[in-house]
Amino acid sequence: MDDTKLSQRVCIACRGGVPPLAGEKLAWWVDKLNRETKGWQMIDDHHLRKEFLFPDFSSALAFVNKIGALAEEQGHHPDLELAWGRVAVKLFTHKIDGLFDSDFILAAHIEQLPR
């Protein structure tokens with residue numbers, strides 16, 4: 001597998017028709033993400049989730065907008081939950097109802113955004 005840092009990769013759109021990551025491939029991506037970032041959880045081998053905390057609503061909203069701009073640029077769109085002082089990010093590939101390479105790449109890119 002490729003050792004290029006996840007944050008240096010570009011998301012590649014999943015066109016569907018492929019199975020979600022599983023087994024050794026999924027474990028490799030999870031391990032790589034855990035080595036390069038902190039705090040992402042894999043839920044039921046289906047999606048990635050992380051919660052980011054902020055001192056107020058305005059800061060959380062600004063972060064959501066940064067994620068939105070990044071998502072448009074990368075062509076990969078997370079589920080976002082905005083609340084006072086908190087942003088929850090849920091990543092999975094809707095077309096295959098599971099995890100794909102781009103979910104891990106986008107997670108690493110989100111980590112690079114200024115807060």
Side-chain angles (χ1 to χ4, degrees):
M1 300 256 183
D2 188 350
D3 275 341
T4 304
K5 286 188 70 152
L6 293 173
S7 62
Q8 295 174 342
R9 297 178 188 212
V10 175
C11 293
I12 298 169
C14 176
R15 304 277 181 233
V18 297
L21 292 170
E24 287 182 25
K25 285 185 179 179
L26 179 57
W28 185 89
W29 283 98
V30 169
D31 181 61
K32 185 155 183 66
L33 181 65
N34 287 335
R35 281 185 278 123
E36 295 181 18
T37 68
K38 300 276 188 255
W40 287 93
Q41 299 174 306
M42 183 175 53
I43 311 296
D44 299 327
D45 290 353
H46 177 267
H47 61 273
L48 299 173
R49 186 177 191 289
K50 183 169 180 178
E51 206 168 276
F52 297 86
L53 301 178
F54 298 89
D56 53 38
F57 184 81
S58 180
S59 300
L61 177 59
F63 190 62
V64 164
N65 288 329
K66 289 174 188 171
I67 293 173
L70 172 65
E72 281 297 303
E73 174 188 298
Q74 292 290 315
H76 192 59
H77 303 94
D79 293 348
L80 302 172
E81 180 183 317
L82 169 65
W84 192 98
R86 181 178 65 81
V87 174
V89 179
K90 180 179 177 183
L91 285 166
F92 71 103
T93 299
H94 293 83
K95 285 191 178 195
I96 60 171
D97 193 28
L99 291 164
F100 188 65
D101 306 7
S102 292
D103 299 303
F104 295 90
I105 294 167
L106 187 58
H109 281 277
I110 289 170
E111 288 292 326
Q112 301 294 312
L113 293 173
R115 290 179 216 139

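Only a predicted model underlies this, so the values are computations on that prediction, with no experimental measurement involved.
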- Item | Option from Asp45, Val30, Leu26, Thr93 for which side chain to side chain contact (heavy atoms under 4.5 Å, CB included) with Leu99 holds | Leu26

- Between CD1 of Ile43 and CD of Gln41, what distance do you get to the nearest 0.5 Å? 4.5 Å

- Val89 vs Phe52 side-chain heavy atoms within contact, under 4.5 Å: yes

- Separation between CD of Glu72 and CD1 of Ile67, rounded to the nearest 0.5 Å: 13.5 Å

- May I ask you to test the Leu82-Phe57 pair for a side-chain heavy-atom distance under 4.5 Å? yes

- Do Leu33 and Trp29 have side-chain heavy atoms sitting under 4.5 Å apart? no

- Item | Pair His76, Asp103: side-chain N/O donor-acceptor within cut-off below 3.5 Å | yes

- Partners meeting ring-ring contact (aromatic ring centres under 6.0 Å, His included) with Phe54 (sequence neighbours left out): Phe63

- Message: Testing the basics here: between Ala83 and Ala60, what is the closest heavy-atom pair and its distance to 0.1 Å?
- Response: O-CB, 3.9 Å

- Heavy-atom donor-acceptor pair, Lys66 side chain to Pro114 backbone, under 3.5 Å: yes

- Message: When you compare the side chains of His46 and Asp97, does any donor N or O come within less than 3.5 Å of an acceptor on the partner?
- Response: yes

- Carboxylate-amine/guanidinium proximity below 4.0 Å for Glu81 and Lys90: no

- Item | Any residue meeting ring-ring contact (aromatic ring centres under 6.0 Å, His included) with His77, in chain and number order, not counting sequence neighbours | none

- Message: As an exercise, state the distance from CZ of Phe104 to CG of Leu48, rounded to the nearest 0.5 Å.
- Response: 4.5 Å

- Message: Between Lys38 and Glu111, does any NZ, NE, NH1 or NH2 come within less than 4.0 Å of an OD or OE carboxylate oxygen?
- Response: no

- Item | Qualifying side chain to side chain donor-acceptor pair (under 3.5 Å) pairs with a residue from residues 52-61, counting only residues at least two apart or across chains | Asp56-Ser59

- Task: Answer yes when Lys5 and Glu36 have at least one side-chain N-carboxylate O distance shorter than 4.0 Å, and no when they do not.
- Result: no

- Message: Within the structure provided, determine whether Leu6 and Thr37 are in side-chain contact (heavy-atom separation under 4.5 Å).
- Response: no

- Trp84 with Val87, same ILVMFWY side-chain cluster at under 4.5 Å: yes

- Do Ile96 and Pro19 have side chains that get closer than 4.5 Å, going by heavy atoms? no

- For residues Trp40 and Leu91, determine if any side-chain heavy atom of one lies less than 4.5 Å from a side-chain heavy atom of the other. yes

